[in-house]
Amino acid sequence: MSIIEFKNTSKHFGPLKVLDGVDLSINAGEVVVLVGPSGSGKSTLLRCINGLETITGGDLIVDGLSVTGSAKQLREIRQEAGMVFQQFNLFPQLTALENVAFGPSKVRGLSKAKAEETALDLLEKVGLRDKAGHYPSELSGGQQQRVAIARALAVKPKVMLFDEPTSALDPELKQEVLNVMRALAEEGMTMVVVTHEMAFAKQVGTRLIFMEHGHIAVDGDPREVIDTPPNDRMKDFLQHV
Ligand code: ADP
Ligand code: MG
């Protein structure tokens, strides 16, 4: 059963066509790794899924709801699709615990005590329970990104979207974030991940998509298509990541 369905989806920014009639169906439990040259539309594709960008053609259904539906539907979609960005985007004036508890209390309407209990469990899950009282500025980049993942999980999304989550991190900090993502995948979370980490794609991805000029050029098994790229552009791309 598909949880995300692009149906001839287009996105224009003025005259610029960034998504060009994308057809893509993602099932629950899939870990889709999205790669492609800069400007090919990867971030836009992710951002359309949780309504950060509005589509300009076709349709896009998330968990049975169209992103072109009512404002209420869009709010529901935003809760179902958690997003993690390259720049961790934590609230700097809130502690790790408060960052994670924010969604459950504001969005899901939990009491402060319940929200903080949920937040502590999530910090535990990402290995940061002992940093609950720390502010983002007191955490490493890898720790901040793990807090950001916990924060996104706090509203119990059905899908997690990751936009180059390790690109801003030093190599030695990337792995701790990738490990958290791997654990999430192993629990069966549906994930769409834009990343240049090809080892992660091969080990954790269930599907790899190569985008070019706003459309899907390759869609296949990560190990197969990374080891034997089906076209020269993808081959060329892989040589440069
Ligand atoms: P990628 O993530 O693959 O690098 P993006 O989805 O960020 O690509 O961008 C695809 C194209 O859309 C690029 O040419 C980019 O400049 C353009 N674009 C992205 N966001 C906007 C925007 N808000 N306004 C105008 N153009 C945009
Ligand atoms: Mg991008």
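Excluded from the calculations below are hydrogen atoms, water molecules and symmetry mates; all remaining heavy atoms, backbone and side chain alike, are included. For this chain, numbers begin at 1 and follow the sequence in order. Read the numbers this way: they start at 1 and go in the same order the structure lists the ligands and their atoms. Treat the numbers as computed from the prediction; the structure is a model and nothing was measured.
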**OP:** Give a yes or no on whether the backbone of Thr166 and the side-chain of Lys174 come within a donor-acceptor separation of less than 3.5 Å.
**Re:** yes
**OP:** Not counting sequence neighbours, which residues clear ring-ring contact (aromatic ring centres under 6.0 Å, His included) with Phe6? List them please.
**Re:** none
Original post:
If you measure from the Lys or Arg side-chain nitrogens to the Asp or Glu carboxylate oxygens, is any gap between Asp221 and Arg207 under 4.0 Å?
Top reply: no
Original post:
For Phe13, is the NZ or CZ atom of Lys11 found under 6.0 angstrom from the centre of its six-membered ring and inside 45 degrees of the ring axis?
Top reply: yes
Subject >> Minimal non-hydrogen separation, Pro165 against Val84, with atom names >> reply: CB-CG1, 4.3 Å
Original post:
Pick from Gln145, Gln143, Arg146: which one makes a side chain to side chain donor-acceptor pair (under 3.5 Å) with Glu176?
Top reply: Arg146
Subject >> Polar protein atoms near the Mg ion (ligand 2) [N, O or S; cut-off under 2.8 Å] >> reply: Ser43 OG
Can you give the donor-acceptor pairs under 3.5 Å from side chains of residues 18-27 to other protein atoms, not counting sequence neighbours?
from	atom 1	to	atom 2	distance (Å)
Asp20	OD1	Lys17	NZ	3.4
Asp23	OD1	Asn8	N	2.7
Asn27	OD1	Ser2	N	3.4

**OP:** Examine distances only and state if a side-chain atom of Glu98 and a backbone atom of Thr95 form a donor-acceptor pair shorter than 3.5 Å.
**Re:** yes
Subject >> Sub-4.0 Å heavy-atom environment of ligand 1, residues by chain >> reply: Phe13, Leu16, Val18, Pro37, Ser38, Gly39, Ser40, Gly41, Lys42, Ser43, Thr44
Original post:
Is any side-chain N of the basic residue among Lys202 and Glu224 closer than 4.0 Å to the acidic one's carboxylate O?
Top reply: no
